[in-house]
Amino acid sequence: MNHITKPTSSGLRAVEIARSKAEAEKRPIRILFVCLGNICRSPAAEGIMRELTKGMPDSFRPKLDSAGFYGGHAGDLPDRRMRHAAFGRGLHLDHRSRVIRTSDFDWFDLIIGMDDRNIDDLHEAAPSPEAESRIARMSDFAVHYPEADSIPDPYWEGAAGFEIVLNLLEDACAELKKHI
Ligand code: 4NP
């Protein structure tokens with residue numbers, strides 16, 4: 001069994017670099033959550049983080065957004081199953097799916113992928129090594145799930161898959177919030 005210490009040092013390093021960028025420009029950190037379709041995992045992460053940070057003063061509250069690599073759902077609300085599962089936890093998800101752009105790597109300080117494929121795609125799409133240094137893996141912050149190395153794609157799974165995703169994301173977002 002792997003014993004992974006979380007949050008991982010690589011995740012914390014990306015957050016630290018991202019924070020320095022925001023602090024140098026004297027503004028709140030900007031975080032982009034990224035998955036494949038931008039209708040399940042990343043809009044849920046965005047919604048959870050928005051809820052967790054809503055009480056913060058304007059000058060500190062992070063700017064949040066989400067995007068995906070696959071454009072087949074562009075303009076759509078999150079998947080009905082994810083909206084339903086999130087609603088059960090008091091979250092209203094109203095993000096509209098969009099494809100990630102190269103300019104996102106400049107605008108956002110921290111870019112967070114959900115699984116190996118997202119992370120590989122982000123490294124490929126990043127315009128510079130500096131931008132690559134600000135890519136993090138969401139599961140690196142899931143401290144109560146030390147064995148989780150991704151937020152698994154729930155799209156082809158049953159309802160339980162959406163609850164697992166939300167459990168992981170709630171844990172990871174709560175931990176991430178402590179470091180931003
Ligand atoms: P997501 O889930 O990446 O968490 O938004 C998916 C949504 C749609 C598809 C795949 C994954 N799709 O193939 O359409």
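Note that ligands are numbered from 1 as they come in the structure, with each ligand's atoms numbered from 1 the same way.
For ligand 1, the atoms closer than 4.0 angstrom to any heavy atom of Gly37 are 1 (P), 3 (O), 5 (O), 7 (C). Of all the atoms in ligand 1, the ones that sit under 4.0 Å from a non-hydrogen atom of Ile39 are 5 (O), 7 (C), 8 (C). Near Asn38, the atoms of ligand 1 lying under 4.0 angstrom from a non-hydrogen atom of the residue are 5 (O). Within ligand 1, the atoms closer than 4.0 Å to a non-hydrogen atom of Asp153 are 2 (O), 6 (C), 10 (C), 11 (C), numbered from 1 in the order shown. Residue Cys40 has at least one heavy-atom neighbour below 4.0 Å for each of these atoms of ligand 1: 1 (P), 2 (O), 4 (O), 5 (O).
Looking at Glu16 and Arg13, no side-chain N of the basic residue comes within less than 4.0 Å of a carboxylate O on the acidic one, giving no salt bridge. Salt-bridge check for Asp115 with Arg117: failed, with every basic side-chain N at 4.0 Å or more from each acidic carboxylate O.
Remark: side-chain polar atoms of Arg41 are not paired, donor with acceptor, to backbone N or O of Gly113 under 3.5 angstrom.
If you check each of Tyr155, Phe69, Phe162 against atom 8 (C) of ligand 1, the one with the closest non-hydrogen atom is Tyr155.
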Task: Check against side-chain hydrogen bond (donor to acceptor under 3.5 Å, both in side chains), Asn118 and Asp121 - done: CA-CA 5 Å; Asn118 307 153; Asp121 289 348; 5.4 Å; no
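Counting heavy atoms under 4.0 Å from ligand 1, residue Leu36 touches it through both backbone and side chain. Heavy atoms of His73 found under 4.0 angstrom from ligand 1 belong exclusively to the side chain. Neither the backbone nor the side chain of Asp79 has a heavy atom within less than 4.0 Å of ligand 1.
Taking a 6.0 Å sphere around NE2 of His84, one finds it holds 12 or fewer heavy atoms contributed by other residues, nucleotides or ligands.
Within the 4.0 Å heavy-atom cutoff, Met82 does not count among the residues contacting ligand 1.
The shortest N/O to N/O separation between Trp156 and ligand 1 does not fall below 3.5 Å. For ligand 1, none of its N or O atoms has an N or O atom of Cys35 under 3.5 Å away. Between Pro154 and ligand 1, no N or O atom pair is found at a separation short of 3.5 Å.
With Pro78 as the partner, the side-chain contact (heavy atoms from CB on, under 4.5 Å) test is satisfied by one option alone out of Pro43, Ser97, Ser66: Pro43.
Ser139 and Asp149 form no side-chain donor-acceptor contact under 3.5 Å, judged by distance and modelled atom types alone.
Summarising the geometry, atom CG belonging to Leu168 is positioned 4.5 Å from atom CD1 belonging to Ile151; distances are rounded to the nearest 0.5 Å.
Side-chain heavy atoms closer than 4.5 Å link hydrophobic residues (I, L, V, M, F, W, Y) into clusters, and following such links, even through other members, never connects Ile39 to Phe69.
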